[in-house]
K.L.:
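Okay, here's the structure, questions in a sec.
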Amino acid sequence: DVPNRGSTVVATAPAGEETLVFVATRGRFQGFFEGATVTRPDDLGLSREELSLALKDKLASLPKGSFATSEVRVWVVD
């Protein structure tokens, strides 16, 4: 399931800082959600540092230049 142009990413309560991570790969990526494209919030139960390390581990098996990442931090307010 490839993301469609104009896809919307949703951040929801509780209030506070949220980190959205976008990973683009040339092939299907077995990330944290069994390869599914995720646009709704999900709590991985990881700190920002733990997420960074876990993501590095998962991307380490991919050839260099075959992926890109982007991170956005947003504040959710009540």
Side-chain angles (χ1 to χ4, degrees):
D1 65 326
V2 176
N4 296 324
R5 180 176 295 193
S7 292
T8 302
V9 177
V10 179
T12 62
E17 184 180 15
E18 295 291 335
T19 302
L20 306 174
V21 179
F22 178 76
V23 179
T25 62
R26 295 188 186 274
R28 180 56 60 193
F29 170 60
Q30 290 299 318
F32 300 98
F33 302 99
E34 300 177 8
T37 299
V38 178
T39 59
R40 292 242 169 249
D42 201 336
D43 187 357
L44 294 174
L46 301 173
S47 69
R48 186 175 295 131
E49 294 79 21
E50 291 169 330
L51 175 61
S52 179
L53 289 173
L55 189 55
K56 274 186 183 178
D57 285 344
K58 290 186 177 287
L59 294 172
S61 64
L62 299 177
K64 290 191 186 286
S66 69
F67 65 90
T69 63
S70 180
E71 183 177 304
V72 176
R73 293 189 186 119
V74 297
W75 282 98
V76 177
V77 294
D78 287 331

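Side-chain atoms are counted along with the backbone in the values below, which use heavy atoms only and exclude waters and symmetry mates. These figures come from a predicted structure and were not determined experimentally.
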K.L.:
Hydrophobic clusters here meaning ILVMFWY residues chained together by side-chain heavy-atom distances under 4.5 Å, can you tell me if Val76 and Leu20 are in one?
P.N.:
no
K.L.:
Going by the side-chain hydrogen bond (donor to acceptor under 3.5 Å, both in side chains) test, which pairs reach into residues 60-72, not counting sequence neighbours?
P.N.:
Glu71-Arg73
K.L.:
Going from CZ on Phe67 to CG on Leu59, what distance comes out if it is rounded to the nearest 0.5 angstrom?
P.N.:
4.5 Å
